[in-house]
Novice: 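This is the structure I want to talk about, given as structure tokens.
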Amino acid sequence: MSASPEAGSPSTESALPLTFPEEDRAILALVSQGPPDGQRAWRLNGLAHRLSLVQGFDRLLGWPSLRGVTRYEHQERAALRVLREMRGRAILADEVGLGKTVEAGLVLKEYAIRGLVRRVLVLTPPALRTQWREEMREKFLLPFEVLRSVHDWERHPLLIASLDTAKREPHGAAARGIAWDLVVVDEAHRLKNRESRNWRFVAGLHKKYMLLLTATPIQNDLDELFNLVSLLKPGQLHTYDEFQARYVGSRDGRVPARVPELRGRLRDVMVRNRRGISFTLPPRRVHSLSVRLSPEERRLYDDVTDFIRDAWGMSVARLPLMAKLTLIVLQREIGSSTFAAARTLAKLQDSPMFSPDDRERLANLAREALAIQENVKASRLRDFLRSTDEKVLVFTQYLRTLEYLKGVLQADGVTMAAYHGGLAPAAKDAAVCAFREDRRVFLSTEAGGEGRNLQFARTLVNYDLPWNPLRIEQRIGRVHRLGQEREVHVVNLWAEDTVEEYLIELLDRKIHMFELVVGELDLILGDLAGRKSFEELLMELWTLKAAEARRAALQRLGAALVRARVQYDVVQERNDELLRPVSEEATA
Amino acid sequence: MSEAGVLRAFVAEALTDAGAEVTEQGGVLWVRSPESVRQALEIPETLALVFEPDRLGEFGAELIAPGSFLLERILQLAMRRGRWDGGRAEPASDVWIAEALSAAGFPVPRDAALLETGDGVLVVFTFRVVLLSDEKRESFHAIVVPAGSDASWEIPAERAEAVLSPTSLAGLSPDLEAAHVTARRTLQEVTRPTVEAFRKGALVALEEEVRRIFGYFDGTVGEVRAAAPSGAEDVVRAIEAERDRRLTEALERFEPHASASLCGVRVVLAPTASVRVWRSGEGAREAEVVVDAFTRSVRGPACEGCGRTPGPRSCSPSGEILCADCAATAAASAPLRARPRSDTPRPRRRDASAAGRSPRGSMARSRSASLRRRGP
């Protein structure tokens, strides 16, 4: 669009003349070209312009168009502070569970509505990419895509990528070649080291606005805080040497000096809401219901596990990735129900991934599974439901298990709403609505864990346990979140002497995961074992053939988790000590 | 009307104007669209719309709210239409001249004398002004230009949208190019204070950012050189390159821009009258002014405050003909009509000893005395 400033008029004295686009002439030409558009169209034209005017950041315009986002004052206040006072460059350092993602979404939405942001990059840990995508799409109606190939950099203006992938070539060059309007870095404590590739990559991006999300800006020493702030606003904490001289009071870099001054400087770039009186969540009670498998189920479970251990142990190095994933799924399914495993076993008996001998074993296992008509865990669930009058959410990972449970509960006269990923959006809404109104049980697959506020209920049953603890956390987060006013009950159903028992041992007994605030677990697991996920670690130890070795490995992993938990508490204290006053106005 | 209510009324009317059938049932707007609307908005033939987020999903309805994509498309559709209109302004009553003069402070009707009446052509230009740096501020302005005149002034949007009677505009052919230039100049004038304030705000932010960047990077260079007096040149160059990159980024982010785009043009045929007015007050004088039935503004003589000729005029209580700016200044600095009563107690006099006790004077009665007097 070419534009011309007004020339030769007194107004050119203004240092900032208005420019007028050449396209305006086309509108002038309309007058001589045809009949008028009419009075109503003229009035609507003016009204359309006035309705769409942007007048600074006087208020958040996006609220009415958000879906399933409860309006919390602290989030609104945080977003407005970022927009007005910090001019779009901020560290969102709320304590875990207070909705940093929602705050980032609010800021992003406001910029998008005002046409100030078109190209956005969200950098997250790999495990959170999909969650971000769903949340941005469902809650904020922003059509984000997850990076799949190098062409996506140009293809999608709203992109989510893992920091690890984005910084690697050829992605790194592609990302640096784009002028981003907004860059969001989730779990930004990974940028604590300015010598790291992560830090350098983010620093090298061409960007207008930037949001760094972390509940723990300081993990070890004050250098990390300096590095984060310098990424955002170089000079805000002076140069490195000056920072060291002014604000670091001990050799190990952990004790701050001139604390009021440092806090004052942080206040210009950081928003930190704390859980106070109004943000306190009610307590969570965990109930562990173990079951002893029936002899048929026990035999099937052991046979399937033996098959998996054989396949895994003999050829783990040569095992194709697909086969490896299939075995993990099979082990998880048999922990859920025989019905979930039966289908996979039936499929695998014809799979070329396995040898003829293996396929024969799989065929036998499939027959064994199909012969089982009832699972003990379902009876235990029925007993539990009879013992309470509460509305109950029952989560399972598998549709087959859900269908089986649906039949069991229907036969028992329990009213329920079934919810799974295969339902159309309207049917999903209807299921949530029915549960809110008159159904006792909300029977849901993992899809029910995403983006739905179900805090009108307070009892949740984990019919099976996902191996990814974050998935468990998401389930719990549906009911134990801001807005929940009653004590929450989490019921874990698990079978003795199965991999689920290991999960309970590690997550419940070692780190008391079921009592953590949603979000804390990720920080504990974050640096647990380098690049390996918790699921991989679990599968590694579960597939060890010797029981002794399994027990030893379980103990080692348990000890590592305990250490991570202790370290997390230390980090929390460190951040609270320095950053609490930054957020004094934001606590209840 | 609530924000949702305003949007609902706008959307219903805009879709109807574009050719769609719109019916409302229980708060849901049902839309049946012809092909042209379907294509323009990328919507199916039938569509349900809701305006409250908690009703989303009812009948598979789309939500219309600030930020929703469909609302954006409907707004764009309305902006692409209605960019030119024309008609005749019919005065609502016979006394429109007197009303217009009176509203501008002129002493009518007794002293007015009608010199000439006829139809004048006015051109209304509507503009959208966008101020952009790392934030955005927009405003909407309607500027009216009498055809063949270099005068122009801003009118309220409601006035620009006033109902006109259909009439043939053939043969009028005002010089739109010239009128457009005049309107743009007036728009510059009208928006100058806002644009200047915006520019200053952006430059203050830019200056602060630049100072911080220089402080940080040049300070770091100093520290690097101090730590390794020789052999640190590569590092220094890298730091300086990064500084320059950050400076460019800061400039792109904060540099203020101001633009205005034309939204529409309206050609108005309006009854116009030349009137002689006799101003009262000190040094009462005669003046000839022009009024029109569309803008109802009084114009013609030069401002007796600043000497400028274009734009509407008003008559001050002392009989001066002033432009809008001078009238505002005069109002703000007008001397008080009467000497305010002093709060300083008067010196005591033997015959009025009570007066000194009350700033309200000797007739004032204390509150307790008043209460006593009223009695139960």
Side-chain angles (χ1 to χ4, degrees), chain A residues 3 6 9 11 14-21 24 27-28 30-31 36-57 61-62 64-67 87-88 109 112-116 141 206-208 230 233-236 238-242 425-426 429, chain B residues 10 13-14 17 53 56-57 60 63 65-68 75 78-79 81-86 126 128 134-140 157 160-161 163-164 176 180 184-185 187-189 191-192 195-196 199 205 212-213 215-216 219-220 223 246 249 253 256 258-267:
Chain A
E6 195 64 68
S9 65
S11 58
S14 162
L16 185 61
L18 291 176
T19 57
F20 295 88
D24 285 357
I27 298 177
L28 295 181
L30 289 174
V31 179
D37 295 337
Q39 294 203 39
R40 181 157 74 175
W42 167 262
R43 186 168 44 78
L44 287 166
N45 176 299
L47 188 54
H49 278 284
R50 292 202 302 280
L51 282 173
S52 59
L53 290 180
V54 170
Q55 286 160 343
F57 298 108
L61 301 173
S65 62
L66 306 187
R67 285 186 199 172
R87 304 186 83 126
K109 186 77 182 174
I113 288 177
R114 288 163 172 81
L116 287 163
L141 310 176
H206 187 284
K207 58 211 169 279
K208 187 156 66 168
S230 299
K233 262 189 167 181
Q236 178 68 19
H238 305 288
T239 62
Y240 181 71
D241 286 1
E242 279 176 274
D429 291 339
Chain B
F10 165 75
E13 201 177 356
D17 188 57
L56 186 66
L63 175 69
S68 72
L75 288 167
M79 289 178 203
R81 298 163 59 79
R83 292 187 295 183
W84 117 252
D85 184 37
T126 52
R128 185 184 186 115
D134 69 331
E135 61 169 333
K136 191 180 196 179
R137 290 179 188 275
E138 293 180 310
S139 53
F140 185 77
E161 289 164 6
V163 176
L164 302 179
L176 286 182
H180 184 222
R184 287 180 358 178
R185 195 166 55 227
L187 184 68
Q188 295 263 25
E189 293 290 337
T191 55
R192 182 181 294 178
V195 173
E196 264 308 286
R199 186 184 71 93
R212 196 172 40 239
I213 289 171
Y216 175 76
T220 304
E223 286 165 10
R246 296 279 188 139
E249 205 175 271
R253 189 174 156 214
S259 62
S261 52
L262 184 62
C263 306
V265 182
R266 199 177 204 198
V267 178

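Because only heavy atoms are used, hydrogens play no part in the values below, and waters and symmetry mates are left out as well, while side chains stay in. Every chain is numbered from 1 and lettered A, B, ... according to where its sequence line falls, protein lines coming before strand lines.
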Novice: Given heavy-atom pairs under 4.5 angstrom as the criterion, report whether the side chain, backbone, both or neither of B:Arg83 touches chain A.
Specialist: both
Novice: With a 4.5 Å heavy-atom cut-off, do B:Phe10 and A:Arg50 have their side chains touching?
Specialist: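 No, too far: nothing below the 4.5 Å cut-off.
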Novice: Please report the interatomic distance OG1(B:Thr220) to NE2(A:His238), rounded to the nearest 0.5 Å.
Specialist: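 NE2 of A:His238 is found 12.0 Å from OG1 of B:Thr220.
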Novice: Among A:Lys208, A:Gln236, A:Lys207, A:Arg40, which residue has the highest count of heavy-atom pairs closer than 4.5 Å to chain B?
Specialist: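 Most heavy-atom pairs within the cutoff with chain B belong to A:Arg40.
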Novice: Please determine, among B:Gly219, B:Ala260, B:Ala78, B:Ser261, the option with the most heavy-atom pairs under 4.5 Å with chain A.
Specialist: B:Ala260
Novice: Which bit of A:Leu51 comes within less than 4.5 Å of chain B, counting heavy atoms only: side chain, backbone, both or neither?
Specialist: side chain
Novice: What distance separates A:Asn45 CG from B:Asp85 CG, expressed to the nearest 0.5 Å?
Specialist: 10.0 Å
Novice: Mind checking the CG-CZ spacing from A:Leu18 to B:Arg185? Nearest 0.5 Å is all I need.
Specialist: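 Spacing of CG (A:Leu18) from CZ (B:Arg185) equals 13.5 Å.
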Novice: Taking all non-hydrogen atoms of both residues, which atom of A:Gly46 and which atom of B:Phe140 are closest, and how far apart?
Specialist: CA-CZ, 3.8 Å
Novice: Taking every non-hydrogen pair under 4.5 Å, which of A:His206, A:Lys233, A:Glu242, A:His49 racks up the most with chain B?
Specialist: A:His49
Novice: Heavy-atom distance under 4.5 Å between the side chains of B:Arg266 and A:Gln39, does that happen here?
Specialist: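 Side-chain contact under 4.5 Å: yes.
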Novice: So which residue, A:Gly62, A:Gly235, A:Ala112, ends up with the most heavy-atom pairs under 4.5 Å with chain B?
Specialist: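 Going by pairs under 4.5 Å, I would pick A:Gly235.
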Novice: What heavy-atom pair brings B:Met79 and A:Ser52 nearest, and what distance separates the two atoms?
Specialist: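 Shortest heavy-atom separation between B:Met79 and A:Ser52 comes out as CE-OG, 3.2 Å.
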Novice: For the residue pair B:Glu13 and A:Leu44, establish whether any side-chain heavy-atom pair is separated by less than 4.5 Å.
Specialist: yes
Novice: Nearest 0.5 Å, what's the CG-CD distance between A:Leu16 and B:Glu196?
Specialist: 7.0 Å
Novice: Please name the pair of heavy atoms, one in A:Asp37 and one in B:Arg81, separated by the smallest distance, quoted to 0.1 Å.
Specialist: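 Looking at all heavy atoms of both residues, the closest pair is OD2-C, 4.0 Å.
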Novice: Keeping the roles fixed (side chain from A:Asp24, backbone from B:Leu262), state whether a donor-acceptor pair exists under 3.5 Å.
Specialist: yes
Novice: Measure distances from B:Thr191 to the heavy atoms of chain A and classify the residue's part below 4.5 Å as side chain, backbone, both or neither.
Specialist: side chain
Novice: Could you tell me which of A:Pro64, A:Ala41, A:Ser65, A:Pro234 has the largest number of non-hydrogen atom pairs under 4.5 Å with chain B?
Specialist: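 Top count of heavy-atom pairs under 4.5 Å with chain B: A:Pro234.
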Novice: Assign the ring pair A:Phe20 / B:His180 to parallel, tilted or perpendicular, where the plane angle (0 to 90°) is split at 30° and 60°.
Specialist: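 Answer is perpendicular, since the angle exceeds 60°.
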Novice: Would you compute the distance between atom NZ of B:Lys136 and atom CD1 of A:Ile113 and round it to the nearest 0.5 angstrom?
Specialist: 11.5 Å
Novice: At a heavy-atom separation under 4.5 Å, does A:Lys109 approach chain B through its side chain, its backbone, both, or neither?
Specialist: side chain
Novice: For A:Gln55, give me all partners under side chain to side chain contact (heavy atoms under 4.5 Å, CB included), at least two apart in sequence or on another chain.
Specialist: A:Leu53
Novice: Just to verify, what does A:Val31 make a side chain to side chain contact (heavy atoms under 4.5 Å, CB included) with, not counting sequence neighbours?
Specialist: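 Listed in chain order: B:Trp84, B:Leu176, B:Val265, B:Val267.
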Novice: Looking only at heavy atoms and a cut-off of under 4.5 Å, which of B:Gly86, B:Cys263, B:Ala65 has the most pairs with chain A?
Specialist: B:Cys263
Novice: To the closest 0.5 Å, what do you measure between CG (A:Leu116) and CD (B:Glu135)?
Specialist: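 The CG atom of A:Leu116 sits 8.5 Å away from the CD atom of B:Glu135.
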Novice: For A:Trp42 and B:Ala160, indicate whether the former's side chain and the latter's backbone hold a donor-acceptor pair under 3.5 Å.
Specialist: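 Yes: the side chain of A:Trp42 pairs with the backbone of B:Ala160.
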Novice: I need the residue from B:Glu249, B:Arg137, B:Glu223 with the largest number of non-hydrogen atom pairs under 4.5 Å to chain A.
Specialist: B:Glu223
